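Notes follow the structure.
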Amino acid sequence: MTETSERTERTWTERYDPASIEPRWQARWSEAATYRTDLDDDSRPKFYLLTMYDYPSGDLHIGHWYVKTPTDAIARFHRMRGENVFMPVGFDAFGLPAENAAIKNKIHPREWTMKNIENMRRQLRSMGATFDWEAEVVTCDPAYYRWNQWLFLEFLKAGLAYRAKAPVDWCPNDGTLAREQVEGTDRRCWRCGATVEKRDLEQWWFRTTQYADELLDFSGIDWPEPVRIMQTNWIGRSEGGEIVFATAPSDHHAGGEELRVFTTRPDTLFGATFMVLAPEHPLVASLTAPERRTDVEGYVARARVATEIERLSADREKTGVPIGADAINPINGERIPLFIADYVLAGYGTGAIMAVPAHDERDFAFATQFGLPIRRVVAAPGTEHAPLDAAFISHAADERLVNSGPYSGMSADEGGRAIVVALAERNAGKAAVTYRIRDWLISRQRYWGTPIPIIHCDRCGAVPVPEDQLPVLLPDTVDYQGSGDNPLTRDEAFLRVKCPNCDGPARRETDTMDTFVDSSWYWFRYLSPEKPDGPIDGAMAARWTPVDQYTGGAEHAVMHLLYSRFFTKAMRDIGLIRESEPFKRLFNQGQILGADGERMSKSRGNVQDPDELVARYGADTVRLFLMFMGPWDQGGPWSPSGIGGVYRFLNRVWAIATDPRGTDQGDQEAGQLPAGQDLDAAEATIRTAAHRTLRDVTIDYEGFRFNTMIAKLMELSNALYRYRGTSAAGGGAWEEAVRLLLLMLAPAAPHMTEELWSRRLSAATVKWTSIHSERWPDVDAAVVVEATREVPVQINGKVRDKVVVPAGVSDADLEQLVLAAPKIQAALAGRTPDRVVVAAGGRLVNLVVRG
RNA sequence: GCCGGAGUGGCGGAAUGGCAGACGCAGUCGACUUAAAAUCGGCAGCCCGCAAGGGCGUGAGGGUUCGAGUCCCUCCUCCGGUACCA
């Protein structure tokens, strides 16, 4: 008995136990309101760190941690650098899944949403993240969405919002369907299986196109190049000309109507051998010849079923029908036939094109299929009569216009300009710019969203709800009748209202807003979430926005991020703010997929619950593992293999910090310095390792390269572990290295480092202060320099030897040292190198030997 | 289809145009243990070889360069977006 207890006493060291450490520190941080940001404190530089708020889906998974815990490490790093960091959190609480859950489980969307938010709050707190919860924003709260309504009305006043028709995917039972609710190639409703049709509805739009050119300008913001490219392509500015064709007279039609087309290639106008109208083009019905009517109407009906992606697919066989009418080419008076085809979209350009099969791939495919003439009008010298087996779309300097009347012989650019000028003189054309981007359709025929504050009056039309009657509350009474259509359309209490203009009977708008409206300005609201008399606090906004750093998924590269830029510019133009861009710096982290490589979701059953992992390893290990897995912008399928290695790492840090003189059973070199090292050498090694790590880790934090940052901390802890139990352990160099290790690890593993820090302070009988309020340490430049370095030597690009040389060696001396190395002499076998390449900085030498 | 991204050991990954495989997982051998677990140390891309050493090797094929995982061209596969999922 006695023997056993003595033995236990001797070998017992306190183990790393996250379960006892983490809740304690989380409670303490919370009590002290450590991360409540003082927004009025301008004694330090401000740093607004925004991470994309979540949709409270109920699929709580490791992916949320993957986004948020590295962001928290960024927050902590910036605080240690002396900045006043604001990192708020909130919930994107309106949207489709809540309604789906409501229909399926007979639970009110609000109840479902709020329950999920509750659970997510608990989870977010368990990360040990430093969110400022007092700034929280929940978008389904009237205190938030009333300002969506207010902004809508302001946009309306400013001409930035308007009403127009737009087609929706429509199911007779479930109403408007989202893209993901339309299934299969035969396009059926996911819920009832009915065939989905298009229906034109009067809907509300935001005029994003007004800012098309400004949105192309990314100067002054530091965003990843892929995002800038995707947004640029999405906006899709193209320069060219608008050309006016006239309809030709025929038996059934007098002719003379204008048919406007946009083309990026006015130079090819002489090559236009037919025209194609979108099936939805307004002139189709009146131009169609009586004998063509059946075919044309059939084709129009089929085109309405196809999706845009299908219609634009270049792979797909071209379809279309002639409408039995002609147009007249304004440049040469030639009659060319008119077709409709679904590869021409009503919403782009003018909804009609001049087809130049010789110089456009899609026109070429169409002409080939329908046996239409293909007339070459651009050619390189000597190729004027070469047959075309594909569209000729090259744009080389030596090419000239051919078969183009007076313009033949001109270059394409020159000819194009001349043709536009000639047409303009006759009012038959002008230079023009078009954009691919369309205005933003914000109407949703759904219940769970912000009601659009409009009242429809038979006499007065669409009347804005007066500002003093905001918010238009979303009624809580929901009658879904088991289908997905919008129950607001059946809610008499909501619908019946007096016209604010004439006091007559009127009807409320039942469309709600796209949830992207909510997310297009939420970072302003975080600064004054309770403000009762306006959407934003101008002074706060001036001080804190734009956001310094935004983090979130790459899936938002275009829509959310473009809408947010649009909103910022629109809010500037209605006088709310001064800046033009929402987010100065953007980082898109990757996405964690399920083990099956699919997106994590409850329905797929591939969700990894972080709670289990936290219970087993602690939050610090989970945080660190997610950061260690790979580059943050990469993501990838979830696999927990490897988390044990991170846990082992933290245990080693624990042992280094709590028990420097301890040794491990089975360690054959326990207590001995490495062979050939005395204490001075050991301390120098330790000090150099610590400061080099600090130098490199600082750079990694700045670039969000957390995986290599942790790898370097592992290397440092491995190096220190080697000295544990030796005469170097616990000495000056050791203590400094441990201090640096804890400080460097603190942003990533906040609980354990706080615990170890407090123990160090109490061991030194110093009053406790948090490690997270420490200043980020400075590198001691003197100890990171190296006296010698190893230079790899290649012969013809293959490494044959390595030589150790003094750090400051000249290139000439380096060359001599390399040529004198025995292995190199042997490999050269008497030959003299034809060339000696010393790579920049003398990092490598390559000997080039010919023959 | 179009726009953007990614493909490197058995696995996750590292590498300003300059030593491919850092760090870790899994594996294996040894130490400690009565034993196992845990822990500590060693080995470890593939092929040939007892070894010394040699050859091959970053999705496929070409190119530029003294030198290519990295730059250029063509192609394949996977991921994100494609305007009503968020």
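Predicted, not measured: the structure shown is a model, and the values here were computed from it. To find a chain, count down the sequence lines: A is the first, B the second, and so on, and within it residues start at 1.
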Nearest of rG4(B), rG81(B), rC25(B) to any side-chain atom of Pro226(A)?
-> rG4(B)
Between Trp521(A) and Tyr144(A), does the ring centroid distance fall short of 6.0 Å?
-> yes
Donor/acceptor link under 3.5 angstrom from Gln445(A) side chain onto base of rC84(B) = yes
Base, sugar-phosphate, or nothing: which does Ala557(A) touch, judged by heavy atoms less than 4.0 Å apart?
-> nothing
With sequence neighbours left out, write down each residue that passes salt bridge (Lys or Arg N to Asp or Glu O under 4.0 Å) with Glu183(A), or none if nothing qualifies.
-> none
Does the separation of the ring centres of Phe587(A) and Trp632(A) fall below 6.0 angstrom?
-> yes
If anything within 90° of 0 is syn and all else is anti, what is rG63(B)?
-> anti
Run through Arg199(A), Arg187(A), Arg188(A), Arg304(A) and flag the one making a salt bridge (Lys or Arg N to Asp or Glu O under 4.0 Å) with Asp169(A).
-> Arg187(A)
All N/O contacts under 3.5 Å from nucleotides 61-67 of chain B to the protein, with atom names and distances to one decimal?
{"from": "rC66(B)", "atom 1": "OP1", "to": "Arg835(A)", "atom 2": "NH1", "distance (Å)": "3.4"}
{"from": "rC66(B)", "atom 1": "O4'", "to": "Arg835(A)", "atom 2": "NH1", "distance (Å)": "3.4"}
{"from": "rC66(B)", "atom 1": "O2'", "to": "Asn846(A)", "atom 2": "ND2", "distance (Å)": "3.3"}
{"from": "rC66(B)", "atom 1": "O2", "to": "Asn846(A)", "atom 2": "ND2", "distance (Å)": "2.7"}

Should the pair Arg311(A)-Glu280(A) be classified as a salt bridge under the 4.0 Å nitrogen-to-oxygen rule?
-> yes
Side-chain donor/acceptor contact of Arg179(A) with base of rC85(B) under 3.5 Å | no
Spell out yes or no: do the side chain of Gln203(A) and the base of rC84(B) have one donor N/O and one acceptor N/O closer than 3.5 Å?
-> yes
For rG1(B), which nucleotide is its Watson-Crick or G-U wobble mate, given both distances must be under 3.5 Å?
-> rU82(B)
Checking all strands, does Thr515(A) fall into the base, sugar-phosphate, or nothing category for heavy-atom contacts under 4.0 angstrom?
-> sugar-phosphate
Is the shortest distance from a Lys or Arg side-chain nitrogen in Asp511(A) or Arg444(A) to a carboxylate oxygen in the other one below 4.0 Å?
-> no
